Structures are given as C-alpha cells and as structure tokens.
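What follows is a single structure, written as structure tokens, with notes after it.
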Amino acid sequence: MSATSLDQLCINVIRGLSIDGVQKANSGHPGLPMGAAPMAYTLWTRHLKHNPRNPSWFDRDRFILSAGHGSMLLYSLLHLTGYNVTLDDLKAFRQWGSITPGHPENHLTPGVEMATGPLGQGFATAVGFAIAERFLAATFNRPGHYVIDHYTYGICSDGDLMEGVASEAASLAGHLKLGKLIFLYDDNGITIDGTTALAFTENVEARFAAYGWHVQKVDGMNVEAVDRAIGEARFTTDRPSLILCKTTIGFGSPNKAGTSKVHGSPLGPDEVELTKEALGLPQEAFYAPEEALQAFRTAVDKGADAESDWDRRFAAYRAEFPDEAAQLQNAMLGELGPDWLEALPVFTDKMATRKNSQAILNAIAPKLPTLLLGAADLGESTFTVLHGMGEQSAEEPAGRNVNYGIREHAMAAAQNGATLHGGVRSLGGTFLVFSDYCRPSIRLAALMECPSIFVFTHDSIGLGEDGPTHQPVEHLAALRCIPNLNVMRPCDGNETSACYKIALELEKTPSLLALTRQDLPVVSPATVLEHPAEQGAYVLAEAEGGLKAILVATGSEVALALEARKALQEEGIGVRVVSMPSWWLFENQDQAYRASVLPAGVPTVSVEAGSSFGWAKYAQAHVSLDRFGASAPAGTLFKEFGFTPQSVCEVVKATLE
C-alpha cells in the first residue's frame with residue numbers, strides 16, 4: 001500500500017469511527033470529524049509531539065479541540081494513536097460512566113488537555129497555554145539547554161470564531177506575539193441553523209491579519225497542503241498562526257455532506273451504509289484495520305523516544321544548572337515548597353483587603369518563581385501587580401505581570417490555560433461586578449478541576465460613588481452556586497492571608513477572592529498558617545451570659561456584626577459572631593463541626609452587603625441588599641441601606657420575638 005493510499009485509509013478510519021460512535025449513541029456531531037479528519041490526521045501524525053503512554057509528559061505539545069462538539073474526532077485519534085482509550089470506550093460514547101462524554105473533559109479522558117464545548121473557550125484558553133510555555137522557556141532554558149520547547153495546537157470552528165471571547169483572546173495573542181500558538185480553522189461554512197452566510201460573512205483572513213497573526217489559507221482536505229502550512233506556521237516564531245482550512249462538513253455522506261443536516265445529528269443507518277460505501281470502508285462497525293493501527297501506533301515509539309531524549313537533555317541541564325533544574329522540577333510537579341508559607345504576612349493595621357492582597361502577593365512572589373499575576377487594565381485599582389517582576393511580552397517573555405487589557409473573559413480563560421498547562425499558578429484581577437464577563441471561564445475552571453485564582457476587588461456597595469453599575473449585589477450568590485468553586489470573602493488582612501494559603505494549596509478547585517476597596521479593622525486571629533478561616537466559618541466572638549442569637553457575616557460586615565454584638569450584649573442579649581469567609585469550605589467540614597458553629601434551633605441572622613439569596617440555609621433573617629445600589633460615598637450607602645449596628649440589632653431583636 002502506498003503512502004498516499006495509507007494516508008487516505010487512516011483518514012477514513014477516523015471518519016468511520018466517528019460516524020459509528022455517534023450512530024451507536026444516537027446522539028452527537030458527526031459532521032466536523034468527517035470534514036476535519038484530514039487536517040487532524042496530518043497534525044497528529046506529522047507534527048504533534050506527544051507520548052500516548054505518558055499523556056502528562058511535560059514537554060509534550062498541547063492539542064486543544066476548541067470545537068468540542070466534534071469530540072469523536074479527538075477520541076478516535078486518542079484510541080488510534082495508542083492512548084488508554086479503548087474501542088469499547090468509543091462504543092460507550094456519551095453513555096453513563098464512560099470516559100468519552102459528549103464534549104471532552106480533561107479529568108476523565110487521558111490525552112484531553114481541557115474541557116471544551118462552550119464555543120470560544122478552547123481558543124481563548126489555548127492562549128494561556130502558550131503564555132505559560134513561553135514564560136517557562138524564558139525563565140528556565142539556558143543556551144544549549146532547551147528543556148521547555150513545545151507548541152500549542154488547536155482546531156477551531158466557525159462558531160468558535162464568532163464568540164466574543166475568541167476575539168478578545170485573538171487580539172491578546174497577536175499583541176503578545178505568541179509564536180508557538182497554531183490554530184487550524186475548520187472553515188466549513190456551516191452552523192446549526194444553516195450556512196454561515198446567515199450571520200458570519202466577515203473576512204476572517206483579514207481580521208486575524210489585523211490582530212497580528214500569521215495567516216494562511218489552504219485546502220483543508222489536502223494532507224500535503226495542510227502539512228506545508230503547519231510547517232510554515234512552526235517556523236513563524238514572531239506571531240501566532242491561523243491556518244484557514246477549507247473543508248466539507250460531513251465529507252463522504254452522499255445526501256448530507258456540506259449541509260447543516262450533518263452538523264449535530266446521527267447520519268442514520270441508511271446514510272451510514274451509503275457513506276461507508278462512498279469512503280471505501282466495509283460496513284463493519286468501529287472498523288480499524290491492522291495496517292491503519294500500525295501507522296497510527298508509531299506514535300507510541302516516537303513518543304517514548306521523544307520523552308527519553310528529553311529525559312537525557314534534562315539530566316544534562318540538571319548537571320549544569322542544579323538550582324534551576326530543582327525549581328523547574330518542583331514547578332512541573334506542582335510543588336510549592338514551604339518557603340512561601342513563612343512569607344505570608346500577619347496584619348495589625350486597618351487596611352482594605354485589596355491592599356492586604358497586594359502585600360501578600362508581593363511577599364510570596366519571590367518564593368514562588370512561577371506565579372503569574374495579571375489584571376484586566378485595573379492593576380492600579382485591584383493592586384494585582386508584582387513590583388519589579390517585569391511585564392509579560394515578546395520582548396520580556398519572563399515577565400510575571402500579564403497585562404490582559406480590557407478583556408475580562410479572555411483573562412479568565414487564559415488564566416485557566418496557564419494553570420492547566422502546568423508549571424505555573426495564574427492569578428488575575430478585576431472588579432467583582434465584572435465577574436459577569438468572566439463567568440463561563442470561571443464555571444469551566446470549576447468543572448475542569450483547574451485551581452485558577454480569581455482576585456476580584458470592589459466587592460460591594462463599599463466602592464461608593466461609581467454607583468450601581470459597578471456595585472456587585474447578586475454576584476456572590478450567583479458565584480456560590482457554581483459547584484467546586486471556592487468563593488472567599490475575607491474580613492481583614494489575616495483572613496486574606498489565610499485565604500491565599502487555602503487557594504494556593506487547593507489542587508482541584510479554583511478559588512475566587514472578593515476583596516474590599518474600603519479599609520477594614522483587623523478583627524480575626526493574628527495567625528495565618530493555622531487560621532480558623534480554613535474551616536470556612538468559625539466562631540469569632542462567643543456569646544456572653546448564654547447564647548440567644550447568632551450573627552453570621554462575611555467580609556466588611558464582620559466588623560459590623562461585632563459592633564452589633566457589643567450593643568446587644570450590653571442589653572443582656574448573648575450573641576455569637578461567626579465569620580464565614582467561604583461557604584464551600586464550610587460545607588466540606590463534617591456535620592459535627594458545622595453544628596458546633598451554627599447549632600440548630602438558635603435564631604441566626606446573616607449580615608452581608610449583597611443579595612440574601614442562598615442565606616436561608618444558614619439563617620432565618622437577613623441584613624442584606626436585595627436591590628441595586630446607588631451612587632454616593634460608601635459611608636452614606638451603608639447607612640442608607642441599613643448596614644449599621646442599630647439596624648442589625650433591630651433585626652436580631654425582631655428575630656427573637
């Protein structure tokens with residue numbers, strides 16, 4: 001069999017497996033795998049550096065199927081090239097308990113780098129992967145020792161490029177000149193509702209050229225053309241690359257190819273039969289002949305050789321640069337070491353928690369050399385800047401401050417990418433109200449078990465005069481609804497220090513810190529390493545003379561609750577104050593501890609300058625803000641909206657009646 005015919009067989013085997021997986025599940029998207037198979041095959045067999053027997057090998061190329069609805073394409077490639085994805089796994093596509101879900105999930109399937117499916121997310125997250133690779137290479141490589149040297153590849157669709165987050169990310173990537181980021185664009189001209197002519201008629205080639213990308217346009221069905229284009233993209237190191245690959249969705253289907261009918265529905269038994277006949281495939285389901293498997297499985301030996309070669313090069317690097325090698329080894333393993341813990345500051349002075357955050361980050365950053373920090377053009381307000389540690393750019397690729405610009409959504413996605421890449425921990429900041437712009441990426445971080453850290457300041461009406469457009473009201477409640485997201489609202493500098501410790505030590509859960517603009521007094525214990533905030537909620541001040549009521553508060557309202565407690569105690573009403581920086585942490589404590597902090601049957605009032613939604617699980621009454629804020633000085637707003645000791649006391653008394 002000639003090389004050309006073998007290539008074609010391998011491509012058609014990918015198509016056949018994808019068709020059969022969707023048909024057996026009676027659910028899925030066969031069109032993209034059928035059309036994109038030639039370019040995916042070309043990338044995976046001629047360019048992608050990977051080791052199927054060790055999917056986590058650090059210097060592998062990263063591949064991201066941003067068009068995650070075409071997941072059978074990826075699962076077929078993983079199976080064929082020798083990953084631990086069996087034929088039975090392909091047959092279990094979209095079924096309960098399988099490792100081949102409808103859209104890829106990184107923590108389920110070996111070889112999947114991230115969860116994709118929400119369009120644009122993979123494209124934007126890939127930018128973070130590329131930032132991490134370049135940063136680590138600039139930080140650790142030495143002349144003659146290139147131990148970090150890999151690419152980030154992806155396949156994106158028309159739908160990906162329509163999403164706003166992709167525009168934000170493409171603009172950022174072009175600005176940063178991320179030369180080792182290469183995307184293949186499956187330009188098939190079809191969406192769910194019909195042709196892209198319905199809504200997407202822009203000149204994508206000109207658009208990406210304007211972003212500063214290297215752009216090529218090729219026949220995506222031609223292996224040699226795609227091969228040459230990828231090669232040219234690899235040698236274009238001063239810009240990210242987009243290869244527009246003109247393809248036919250559902251290629252091979254006699255009656256549905258090139259139409260929206262093949263986008264998101266099984267072909268049907270009759271059309272499967274006709275398609276296999278047209279492609280020269282036998283009617284056997286999940287057909288993978290030995291000659292095709294042998295061709296694909298060369299990836300196993302190539303991958304093992306590539307990793308062995310890297311091991312030898314890393315050993316030589318370690319011999320010449322032992323300190324750098326030890327730092328890099330720890331970074332690759334995600335080990336932070338103990339030094340940064342000793343650097344966490346304890347606070348005694350009144351201060352805004354955003355400023356506490358700044359002091360903490362700049363104290364620990366020298367001990368965490370691969371911590372990256374950034375902001376969406378708000379570094380001067382969020383205080384998410386590492387002083388003297390450089391600006392991430394093509395000219396300064398080891399810079400540790402990433403200027404994301406006014407691109408909140410791309411920032412959050414890129415944070416996820418950098419963290420998923422490994423070797424770095426990525427933090428990014430904006431105002432809490434703008435978490436709305438970041439929410440899909442925050443949600444995906446939680447789903448992917450990706451421990452990104454989101455630093456969101458100006459967390460309430462306490463930001464004052466900017467008014468209700470900038471005052472988060474419903475945001476804490478909405479964010480707490482996301483499973484596996486640790487939302488923390490510390491009450492002072494010491495809780496803030498403790499919250500950073502918690503966030504950096506979490507391995508499978510992202511964290512979000514909600515921090516104040518206004519100064520807060522120090523009210524929590526003067527400790528960090530064993531701060532009770534690690535339990536999520538704790539008794540900050542116990543009732544005197546018998547427990548009559550509990551005030552449970554977060555953030556800036558903890559000090560308010562303490563003032564109210566003092567007044568109530570003077571009237572003979574014993575009140576406990578509970579600081580609850582994190583619902584998520586508290587709910588992960590055992591029942592006995594939770595009951596000891598918030599015992600059943602004790603009248604409880606929540607105090608938080610935000611929506612009361614959700615607080616019913618802990619309290620019977622609420623001092624809250626269930627409307628939009630207003631434009632006025634912070635002190636005026638707290639008074640007018642009832643966040644005063646007197647108002648809190650009145651609610652407690654009413655609850656006791």
Side-chain angles (χ1 to χ4, degrees), residues 14 17-18 21-22 25 28-29 32-33 36-37 40-41 43-44 48-130 132-133 150-157 160 183-184 186 296 299-300 303 413 416-422 441 443-452 484 507-508 510:
I14 294 171
L17 291 175
S18 299
V22 172
H29 300 74
L32 183 146
Y41 167 78
L43 173 62
W44 275 64
L48 193 70
K49 181 177 68 172
H50 62 123
N51 185 357
R53 294 294 186 256
N54 183 12
S56 61
W57 169 41
F58 197 80
D59 201 42
R60 70 193 182 278
D61 292 334
R62 272 62 169 178
F63 173 77
I64 295 166
L65 181 65
S66 189
H69 55 279
S71 56
M72 269 305 300
L73 172 68
L74 179 53
Y75 300 148
S76 298
L77 287 164
L78 291 170
H79 167 68
L80 291 166
T81 56
Y83 286 80
N84 190 22
V85 177
T86 67
L87 210 57
D88 285 339
D89 292 324
L90 300 189
K91 294 175 182 178
F93 178 53
R94 289 184 167 229
Q95 303 308 301
W96 177 263
S98 79
I99 65 166
T100 50
H103 294 83
E105 296 180 41
N106 55 298
H107 53 84
L108 286 181
T109 314
V112 173
E113 300 288 355
M114 66 167 292
T116 56
L119 291 173
Q121 284 292 327
F123 187 97
T125 305
V127 173
F129 278 87
E133 190 277 341
H150 52 266
Y151 288 82
T152 301
Y153 294 103
I155 290 178
C156 61
S157 64
D160 285 296
F183 259 97
L184 303 171
D186 180 30
F296 278 112
V300 174
N416 291 343
T419 300
L420 287 169
H421 175 279
S441 294
R443 180 181 187 272
L444 209 56
L447 187 151
M448 295 188 294
E449 300 179 353
C450 170
S452 296
N484 193 40
E507 296 180 353
K508 294 186 177 182

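All residue numbers in this chain count up from 1 along the given sequence. Hydrogens, waters and symmetry mates play no part in the numbers below; they use all other heavy atoms, side chains included. Just so we're clear, the structure is a prediction, and the values are computed from it rather than from any experiment.
- Using a 4.5 Å heavy-atom cutoff, the side chains of Val85 and Pro110 are in contact.
- Residue pairs meeting the side-chain hydrogen bond (donor to acceptor under 3.5 Å, both in side chains) criterion with at least one partner in residues 111-130, sequence neighbours excluded, are Arg60-Glu113, Gln121-His409, Gln121-Ser441.
- How far NE2 of His107 is from CD1 of Ile99: 12.5 Å, rounded to the nearest 0.5 Å.
- Panel note: side chain His29, backbone Gly70; no donor-acceptor pair is recorded below 3.5 Å.
- For Ser71, the side chain to side chain contact (heavy atoms under 4.5 Å, CB included) partners two or more places apart in sequence, or in a different chain, are Tyr75, Phe93, Pro104.
- With values rounded to the nearest 0.5 angstrom, His150 atom NE2 is found 14.5 Å from His50 atom NE2.
- To the nearest 0.5 Å, atom CG of residue Leu108 and atom CD of residue Glu449 are 8.5 Å apart.
- There is no side-chain donor-acceptor pair under 3.5 Å between Thr86 and Asn84.
- Applying the side-chain contact (heavy atoms from CB on, under 4.5 Å) test between Phe129 and each of Asp61, Thr152, Asn416, Thr419 identifies Thr152 as the sole match.
- To the nearest 0.5 angstrom, Thr109 atom OG1 is 12.0 Å from Tyr83 atom OH.
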Inset, instruction - Evaluate the side-chain contact (heavy atoms from CB on, under 4.5 Å) criterion for residues Phe296 and Ile14: first the C-alpha distance (whole Å), next the side-chain angles of each, then the deciding distance (0.1 Å), finally the verdict. - result: CA-CA 11 Å; Phe296 278 112; Ile14 294 171; 3.8 Å; yes

Inset, instruction - Verify side-chain contact (heavy atoms from CB on, under 4.5 Å) between Asn54 and Ser56, making sure each step is shown before the conclusion. - result: CA-CA 5 Å; Asn54 183 12; Ser56 61; 3.1 Å; yes

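- Residues passing the side chain to side chain contact (heavy atoms under 4.5 Å, CB included) test with Ala115, sequence neighbours excluded: Asn106, Leu444, Leu447, Met448.
- Residue pairs meeting the salt bridge (Lys or Arg N to Asp or Glu O under 4.0 Å) criterion with at least one member in residues 71-99, sequence neighbours excluded, do not occur.
- Of the possible polar contacts, one joining the Ser66 side chain to the Phe123 backbone as a donor-acceptor pair under 3.5 Å is found.
- Note that CE of Met72 is 7.5 Å distant from OG1 of Thr100, once rounded to the nearest 0.5 Å.
- No side-chain heavy atom of Pro118 sits under 4.5 Å from any side-chain heavy atom of Arg443.
- Considering OG1 of Thr81 and CZ of Arg53, their distance stands at 9.0 Å, rounded to 0.5 Å.
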Inset, instruction - Would you check, one step at a time, whether the test side-chain contact (heavy atoms from CB on, under 4.5 Å) holds for Val112 with Glu105? - result: CA-CA 7 Å; Val112 173; Glu105 296 180 41; 5.9 Å; no

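- Remark: His103 pairs with no residue by the ring pair (Phe, Tyr, Trp, His ring centres under 6.0 Å) rule, at least two apart or across chains.
- For the side chain to side chain contact (heavy atoms under 4.5 Å, CB included) test, residues two or more places apart in sequence or in another chain that qualify with Ala36 are Leu32, Met39, Leu73, Asp186.
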